[in-house]
Amino acid sequence: MTENQLWKNRRYCAELTEKDYNQTVHCCGWIDTIRDHGQLLFMHLRDKSGVVQLVFDPEKDKDLHAQAEQLRNEYCVSISGTIVERVGEAKNDALPTGHLEIHVQSLSVYSSSKTPPFVLTEKSQVDDDSSEFKVDEDLRLKYRYLDLRRTSMQEKMIARYKIMKVIRDYLDEQGFIDVETPVLTKSTPEGARDYLVPSRHHDNTFYALPQSPQMFKQLLMVSGFDKYYQIVKCFRDEDLRPNRQPEFTQLDLEASFIDEAYIYNLLEPLVKKVFAVVGKEISAPFPHITYHDAMELYGNDHPDLRFDMKMVDVSEKLRNVNYKIFNSILASGGSIKGINVKGKASEMSKNMLQEELAKKVVPSFGGKGMSWMKMENGALNSNVVQFFSEDEQKALIESFNAEDGDVLLFIADSNKAVVNDVCGRLRLYVAEKWGFIDKNKIAPCWVTDFPMFELKDGRLSSMHHPFTQPDHAFSSASSTDDYLAVNSRAYDLVINGEEVGGGSIRIHDSEIQTKIFSVLGLSKTDIQEKFGFFVNALQFGTPPHGGLALGMDRLVAMATDSDSIREVIAFPKNRVAFCPLTQAPSHVSDEQLTELKLACIKEEVSITD
RNA sequence: GGGGGCGUAGUUCAGCUGGUUAGAAUGCUUGCCUGUCACGCAGGAGGUCGAGGGUUCGAGUCCCUUCGUCCCCGCCA
C-alpha cells in the first residue's frame, strides 16, 4: 500500500474494538510509554482519541523489534499491525482498549523527539485520577504545544469546542444570526482601560480593541437584524486576577422587541445544554434573587447557592444588649449579622474560633472581630454568653433555628456594608473549609434589580453600563440621592458564586440616553465626541431591545472542573499578561515606532526625595 | 497601586538555630529481564541553590538590592 492509502485507512487508537479482532489496521500517533522486557516490548501509542497497546515480539520479527527498541517517548510514528484479543491476566480493565493490543508488523518514524521538559503521559492517572498535573505553569505555557498534547488538555479543548457548537446550533434554531463586529474600533472613556492600537495612516490617533461589542450590537438592532449573537474576543487592559485574561471570549447576544423574561427563557435551556455536553444536569427555572436580597443574605451580588447558610440580621433582637461591643456598634448606627454553622460544634474548638477565625481570618476580610456561640444541651454557650439576657438568647436561638451542635458566628460593625461584606466572606470561608459545598452541584441564579448608579469617588457612575434602561423612578429623579435610588433593568447570571454573565434591557430613546450621559457628568461636547454616532443612531427608529454576554472561558472552566480559565484557553497569557511561548509583549524596532510617529518614554531614574 | 508566599537536578520537592563532598522521588541514560500496563532489577550522568552586593573564619540558609512567578485586596461600566 502507498502511504496515501494508509492515511486514508487510518484508525484512531482508542476507537478500536472487539469488532476489529484479527483485522490489520493502521494507526498514527505518539509514543506514550515504553515497557521493555528485553524480549517482548510493549508500548502505548497515543493520538487524540486515547491510547492503545503495541506489542513487538523479536521471535516474530527480529529486525522490527530492534527498530522498535530505538523508539523513545513522544516520537511521532505510524504502525501497521494485527488487532489481537488479550487473554486472561493480560487484559487491562483500566484502559478502554485494555482488552486488545496491536501486534505490529511495520513501523515508520515520522520524527523523533527531544526529551520533553515535562512528562506528557497520563498513565499514572489510570490509578489515581485525582492527581493533578504538578508542573510550573510558566513552563507549561512556554511549551504549550506539548502541554496541549496531554490527554486531559485535549479533552478540555474538545469539550470547549463542543460547548461552542451546542450554543451555535441552539441560537441558530432560535433565529439568531452571527454578525462580526470590528476588532479595531473607537476608544470609549467609560469602563475598563482600553488596549490601544496606533494608526499609521492618521497621525497621533489610536484605535481601541473592544472591551465588548456593546454599541455595535445595539446598532445591529437599530438596523433591524432582530436577533444577533457572536462568540467574540474582548479585551480589557485591567490588572490581572487568577480568573482573568487580557483577552477573553464572550458569547454576546442581543434581541429586539423582547423583555427580561425572553432572556431568561432563552438562556436557561442554553446553560442546561452547555452542562449537558459534559454530562451534568441543572434544574430550571433558575431562581431569581434581587441585588438587595443577595447583599443582605449572602453579602455579595454573586451568591453561591450550592449551600444555604443565609446571613441573619439580629440587630433588632439585640437592641438593648449588655455586651459592650455590640451595644456601642448598634448605638452608632451599625448592625450585627450572623451565620449558623450547622452541626460543627465538635469540630470548631474554642481555641480555633478565637485564635484562628476571630483574630486572623476575619481581620483578613476587613472585619474588626468575631463573636461566637455554640448550641449545647439546648442552650447557648460561649465566652460572652453571660452578657446576653435570657430573652435575647432565646431570640437568637429562634432567629438561627439553632439546634444542639450548631455554631453561631457573629460579625458586627458600625458600617453596615462592612458587616455584609465580612459576614459574606466568612460564610464562604467556613463553607469551603468545613465541607458545606457540594462540588458536584451546579447552582445557577439570576440576580436582578440592580441599582442604576453607584457613587465612585463622590461621583455618580453606572453600575452596569450607561446603555442600561433605568426603571420609572428615573424620569422624576433630580438629586444624587434620587438617582442612587433608581434601579436598572439589568440582570446577572450567577453560577456557583461566580458571575458568568450579565446584560440588560437597553435604552431605545435617545433623550433618556442623553440624560444618562449627563447624569454621569459628561458634557454635551463629551457626549458628541465619544458617543455622538451612537446617540444619533438612536434617533432613527430604535426598537426596544436587550441582551446579554456570557463569559465563555469561565463557563467552560466550570463545566470541565478546571481551577483556572487558563486551563481551557489553548494559548493563554500568564498572570502578568505575558506569553512565555511567544515572549509577547515585546519591544519593536525604532523604524516601526517612527512610522507610527511614536516614541517610547524611557524609564527615568528618580533622585528626588 | 497596597500586602503576602515562592525561586535548590530536566521535573516535583526536602534541606533544622549558618558548619565537611547539597539530598529524595521521578525523568534521562547504560546493562539485564518474554505478558507488562506507573513493569521490575542493577549501575551512571545530571546543580553558577534566580541574579548582584553585603555580614561572617564559613551563606542554599542571615541582611540589602534586583529579576521572575503565584496568591489576597484595590481595579475589572
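From a predicted model like this one, the values you see are computed outputs, not experimental measurements. Chain naming here is simple, since letters A, B, ... match the order of the sequence lines and numbering starts at 1 in each. Atoms considered below: every heavy atom in the structure, side chains included; atoms not considered: hydrogens, waters and symmetry mates.
No N or O donor and acceptor, one from the side chain of A:E238 and one from the base of B:G74, sit under 3.5 Å apart. The base of B:U69 lies outside donor-acceptor range of the side chain of A:E137, with no N or O pair under 3.5 Å. Side-chain atoms of A:D239 stay outside donor-acceptor range of the base of B:C75, with no qualifying N/O pair under 3.5 Å.
B:C49 and B:A9: their C1' atoms are spaced 10 Å apart (whole Å). Separation of the C1' atoms belonging to B:U48 and B:U26 is 24 Å when rounded to the nearest angstrom. When the P atom is used for both B:U69 and B:C28, the distance is 29 Å, rounded to whole Å. Across B:A25 and B:A14, the matching C1' atoms stand 10 Å from one another, rounded to whole Å. Atom C1' of B:G46 sits at a distance of 14 Å from the matching atom of B:U8, rounded to the whole Å. Taking atom C1' in both B:C39 and B:C33, one finds a spacing of 10 Å when rounded to whole Å. Taking atom C1' on both B:G53 and B:U17, the two are 25 Å apart, rounded to the nearest angstrom. For the C1' atoms, the distance from B:A59 to B:A51 is 16 Å, rounded to whole Å.
Closest non-hydrogen pair, A:D563 versus A:N243, comes out as O-OD1, 4.2 Å.
Between A:N73 and B:G27, a side-chain N or O to OP1/OP2 separation shorter than 4.0 Å is absent. For A:K456, a side-chain nitrogen or oxygen approaches OP1 or OP2 of B:C76 to under 4.0 Å. Taking only side-chain nitrogens and oxygens, A:R241 comes nearer than 4.0 Å to OP1 or OP2 of B:C73. Contact annotation: A:R35 does not reach the phosphate of B:A38 (side-chain N/O to OP1 or OP2, under 4.0 Å).
Using modelled atom types, one side-chain atom of A:N300 and one backbone atom of A:H302 make a donor-acceptor pair closer than 3.5 Å.
The nearest whole Å value for the distance from the CG atom in A:L95 to the C1' atom in B:A38 is 12 Å. Atom pair A:F578:CZ and B:C67:C1' shows a separation of 13 Å (rounding to whole Å applied). In this structure, A:I31 places its CD1 atom 20 Å from P of B:U36, rounding to the nearest Å. Here B:C76 presents its C1' atom at 14 Å from CD of A:E498, a figure rounded to the nearest Å. Distance, A:E74 CD to B:C28 C1': 14 Å, rounded to whole Å. In this structure, CG of A:D32 is placed 14 Å from C1' of B:G27, rounded to the nearest angstrom. Residue A:M43 contributes atom CE, which lies 17 Å from atom P of B:A38 at whole-angstrom precision. If you take CZ of A:R86 and C1' of B:C39, they are 13 Å apart, rounded to a whole angstrom.
Of the listed nucleotides (B:U11, B:C70, B:U36), B:U11 has the atom at the smallest distance from the side chain of A:V135. Distances were taken from every side-chain heavy atom of A:R193 (C-beta onward) to each of B:C75, B:G10, B:C72; the shortest belongs to B:C75. Counting only heavy atoms from C-beta on, A:N574 has its side chain closest to B:U69 among B:C75, B:U36, B:U69. Of the candidates B:C72, B:U11, B:C37, B:C37 carries the atom nearest the A:A90 side chain, counting heavy atoms from C-beta on.
Using a 4.0 Å heavy-atom criterion, one finds that A:R425 contacts the sugar-phosphate atoms exclusively. Residue A:P116 is classed as having no contact, given no heavy-atom separation below 4.0 Å to the nucleic acid. Heavy atoms of A:K91 sit under 4.0 angstrom from at least one base atom. If you check every strand for non-hydrogen atoms under 4.0 Å, A:V55 touches nothing. Counting any heavy atom pair closer than 4.0 Å across all strands shown, A:L41 reaches no nucleic acid atom. Contact annotation for A:D136: backbone-only contact, meaning every heavy-atom pair under 4.0 Å involves sugar-phosphate atoms and none involves a base. Residue A:Q245 is classed as having no contact, given no heavy-atom separation below 4.0 Å to the nucleic acid. Base engagement by A:S212 is indicated by at least one non-hydrogen atom pair under 4.0 Å involving a base atom.
Figure legend: A:R150 and A:F133 shown as a cation-pi pair, the cationic atom lying under 6.0 angstrom from the six-membered ring centre and within 45 degrees of its axis. A cation-pi arrangement is present between A:K48 and A:Y12 under the rule of less than 6.0 angstrom and at most 45 degrees off the ring axis.
Summary of the strand contacts: A:E89 and A:Q39 both lie near RNA chain B, and taking for each the nucleotide with the nearest heavy atom, the more 5' one is attributed to A:Q39. A residue-by-residue look at A:D138 and A:R236 shows that A:D138 has its nearest nucleotide of RNA chain B further toward the 5' end.
Here B:U36 sits opposite no nucleotide as a Watson-Crick or G-U wobble pair (both hydrogen-bonding atom distances under 3.5 Å). As the counterpart of B:G23, B:C13 is assigned, both hydrogen-bonding distances of the Watson-Crick or G-U wobble pattern falling under 3.5 Å. Across every strand in view, B:G68 sits in a pair with B:C6 that passes the Watson-Crick or G-U test at under 3.5 angstrom. Base-pair partner of B:G18: not found among the strands shown (Watson-Crick or G-U wobble, both distances under 3.5 Å).
A:H44 does not qualify as a stacking partner of the B:C37 base, lacking a centre-to-centre distance under 5.5 Å together with planes within 30°. In this structure, A:F42 forms an aromatic stack with the base of B:U36, since both conditions hold: centre separation below 5.5 Å and plane angle below 30°.
When only modelled atom types and interatomic distance are considered, A:T181 and A:Q230 share a side-chain donor-acceptor pair under 3.5 Å. Between A:H545 and A:Q218, the side chains place a donor N or O and an acceptor N or O closer than 3.5 Å (distance only, hydrogens not considered). Side-chain contact annotation: A:R459 with A:S461, donor-acceptor N/O pair under 3.5 Å absent. At a cut-off of 3.5 Å, with distance as the only test, no side-chain donor of A:Y291 or A:N487 sits close to an acceptor on the other residue. No donor-acceptor contact under 3.5 angstrom links the side chains of A:D61 and A:Q105, judged on distance only.
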